[in-house]
**Q** 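Following this message is one structure expressed as structure tokens.
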Amino acid sequence: MKVYKFGGASVNSAERVANVAGILERCSEPELVIVISAMGKTTNALEKVAQAFFENKQDAALQLFEEIKKQHITVAKYLLVTHYLACEARLKDFFTEVEWLLHDQPVREYDYYYDQIVSIGELLSTCIVSFYLNERGITNEWIDVRDIFRTDDNFRDANIELSFTQKNIEEQVLPLIKNKKWIVTQGFIGATDENESTTLGREGSDYSAALFANLLDAESLTIWKDVQNVMNADPKEIPDAVPLPSLSYSEVIEMAYYGAQVIHPKTIKPLQNKNIPLYVKCFLDAALPGTIIHNTITKNLPPIIVIKRNQVMMELKTKDFAFVGDAHAYQLYQWFNEHSLRPTLTQNGAISLTFAFDNWEDKIAKFSSAAAGLFDVHVTPGLTLTTIRHYDAEALNKYVNEKELLVKQQTVKNIRVLHR
Ligand code: ASP
Ligand code: MG
């Protein structure tokens with residue numbers, strides 16, 4: 001059994017959906033679970049609907065939603081003939097789910113409404129793809145993953161309840177697969193025990209696919225992307241970036257931790273726990289080998305460069321020049337937690353602590369004013385954080401030595417610099 005995951009870019013138009021069908025036609029795997037994201041930028045568009053609704057701009061919300069409806073109906077019309085009416089009826093049920101909600105006034109917290117609205121993106125895309133595959137003779141069963149993935153009610157960043165989910169997989173998914181059915185289902189979403197929709201965090205479909213692979217003891221997971229390989233750097237930042245044909249799980253976890261936008265950070269653990277290899281392949285040219293991520297350490301990796309822009313440095317000095325102690329650190333991490341702030345870099349000194357953050361202005365402002373009771377706080381925006389794993393002299397010359405550095409951290413394997 002294998003799991004395939006197709007991201008939003010692979011289904012962002014009728015042509016791209018047809019291309020996915022082409023890949024699946026050439027797949028001879030008898031048992032396949034296909035996890036799909038929302039089409040193209042649908043999630044961003046749905047976020048705008050949720051915002052407008054929450055700001056009590058009901059007309060604007062409905063109008064924005066109308067656009068999303070139109071786009072999906074257009075793609076469905078283009079792709080489907082015999083199955084069009086059945087598909088349209090299903091799409092309309094999902095539209096109605098959202099429109100009912102949009103006609104109300106918001107009374108609960110934003111994150112709850114966000115999840116009820118944004119989760120529709122994956123339901124729409126998978127509905128169209130599933131009907132289209134069936135029409136092309138690629139027989140599959142569509143599953144509403146909200147009946148399978150049980151989560152807590154931590155909306156927008158929900159946590160999977162594994163034992164319930166495992167039971168649902170065994171009772172509902174496995175029998176279908178054993179019946180020689182391919183499954184088409186959604187990434188990124190789940191539901192609480194009260195049947196409220198939840199989402200697992202932006203870009204969470206990779207993680208959903210990894211969970212399926214883990215719970216089904218799949219032979220492998222393939223993530224189909226618009227890039228040929230995982231690279232040693234973002235080619236938009238570094239034009240002479242090189243492909244990495246093979247990576248270990250731990251290397252990818254490190255890369256994701258330092259901010260590389262390769263794969264959702266939560267994806268690796270469920271795979272590593274069961275030693276399931278992850279293939280990253282290009283949906284535009286399925287014949288290319290791509291990258292394999294597995295349990296094997298790759299020697300002689302080139303320097304891996306992760307550049308995070310728009311960073312803010314925050315220096316905190318104790319007011320009375322007292323040494324920084326456990327109590328200070330404990331208090332700070334409590335505030336981080338309260339404000340959902342995660343530092344991208346931390347550095348301890350005798351009487352000061354230094355952090356870098358992604359530039360979430362409102363959270364940083366709230367955090368600074370909380371911290372101002374204990375510390376003198378100094379904030380410097382507009383910085384870049386560069387991390388190089390497996391650095392060599394050439395990489396240091398190119399990406400570090402010329403820069404105006406504010407913080408530098410160096411270990412045997414990594415160098416991290418915060419610079420202008
Ligand atoms: N559609 C969701 C997003 O854009 C989930 C995903 O694509 O993985 O964040
Ligand atoms: Mg995506």
Side-chain angles (χ1 to χ4, degrees), residues 3-13 16-17 19-20 33-51 64-65 67-69 71-72 75 91 94 97-98 110-111 113-130 142-146 148-149 151 154-160 184-191 197-214 221-227 230 252 256 259-271 278-283 293 340 358 360:
V3 180
Y4 276 9
K5 182 256 170 175
F6 290 96
S10 69
V11 290
N12 69 4
S13 66
R16 287 274 170 94
V17 175
N19 172 66
V20 165
V33 174
I34 304 158
V35 176
I36 306 175
S37 302
M39 291 180 165
K41 302 275 175 239
T42 306
T43 305
N44 293 352
L46 286 164
E47 283 184 338
K48 297 215 169 81
V49 174
Q51 274 156 15
L64 288 165
F65 190 58
E67 277 306 306
I68 296 168
K69 285 165 60 178
Q71 281 161 6
H72 286 84
V75 175
L91 294 177
F94 294 131
E97 248 183 72
V98 173
Y110 174 67
D111 290 354
Y113 291 109
Y114 177 102
D115 279 6
Q116 308 320 301
I117 295 168
V118 167
S119 57
I120 285 293
E122 268 63 15
L123 294 162
L124 300 176
S125 67
T126 51
C127 176
I128 295 173
V129 174
S130 170
W142 180 90
I143 290 186
D144 187 333
V145 83
R146 295 174 300 177
I148 311 293
F149 277 14
T151 72
N154 188 24
F155 296 107
R156 286 186 75 179
D157 193 17
N159 303 293
I160 303 279
V184 169
T185 195
Q186 306 81 40
F188 177 56
I189 67 174
S197 300
T198 51
T199 65
L200 309 179
R202 285 303 306 264
E203 304 301 332
S205 293
D206 290 351
Y207 174 50
S208 302
L211 282 172
F212 265 111
N214 174 298
L221 166 61
T222 305
I223 295 186
W224 295 88
K225 292 174 81 81
D226 56 359
V227 294
V230 177
V252 175
Q261 305 261 306
V262 249
I263 275 158
H264 190 281
K266 281 175 163 174
T267 310
I268 297 298
K269 192 164 161 269
L271 301 175
L278 166 59
Y279 297 92
V280 177
K281 299 257 297 171
C282 180
F283 62 75
I293 297 161
S340 320
D358 291 326
W360 288 309

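Atoms within a ligand are numbered from 1 in the order they appear, just like the ligands themselves.
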**Q** Treating Glu122 as the side-chain partner and Ala38 as the backbone partner, does any N or O pair qualify as donor plus acceptor under 3.5 Å?
**A**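 Yes: the side chain of Glu122 pairs with the backbone of Ala38.
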**Q** If we only consider heavy atoms of Gly187, is any one of them less than 4.0 Å away from an atom in ligand 1?
**A** no
**Q** If we only count N/O pairs under 3.5 Å, is Asp206 in contact with ligand 1?
**A** no
**Q** If you look at every heavy atom in Ser208 and Val35, which pair is closest and at what distance?
**A** CB-CG1, 4.4 Å
**Q** Below 6.0 angstrom between ring centroids: does that apply to Phe149 and Phe188?
**A** no
**Q** Any ion pair linking Glu47 and Arg202 (charged N to carboxylate O, less than 4.0 Å)?
**A**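 Yes, this pair counts.
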**Q** Just which atoms of ligand 1 are under 4.0 Å from any heavy atom in Ser37?
**A**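 Those of ligand 1 that fall under 4.0 Å from Ser37 are 6 (C), 7 (O), 8 (O).
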**Q** Using a 4.0 Å cut-off to any heavy atom of Phe188, which atoms of ligand 1 qualify?
**A**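 Checking each atom against Phe188, I get 2 (C), 5 (C).
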**Q** Under 4.0 Å from a heavy atom of Thr43: which atoms of ligand 1 are those, numbered in the order shown and with their elements?
**A** 1 (N), 2 (C), 3 (C), 4 (O)
**Q** Checking the N or O distance criterion of under 3.5 Å, is ligand 1 in contact with Ser205?
**A** yes
**Q** Tell me, please: is Glu122 in heavy-atom contact with ligand 1, that is, under 4.0 Å?
**A** yes
**Q** Only heavy atoms of Arg202, strictly under 4.0 Å: list the atoms of ligand 1 that pass.
**A** 3 (C), 4 (O), 9 (O)
**Q** State, to 0.1 Å, how close Leu200 and Lys266 come at their nearest heavy-atom pair, and which atoms those are.
**A** O-NZ, 4.1 Å
**Q** Using distance alone, with no hydrogens and no angle criterion, decide if Asp115 and Thr199 have a side-chain donor and acceptor under 3.5 Å apart.
**A** yes
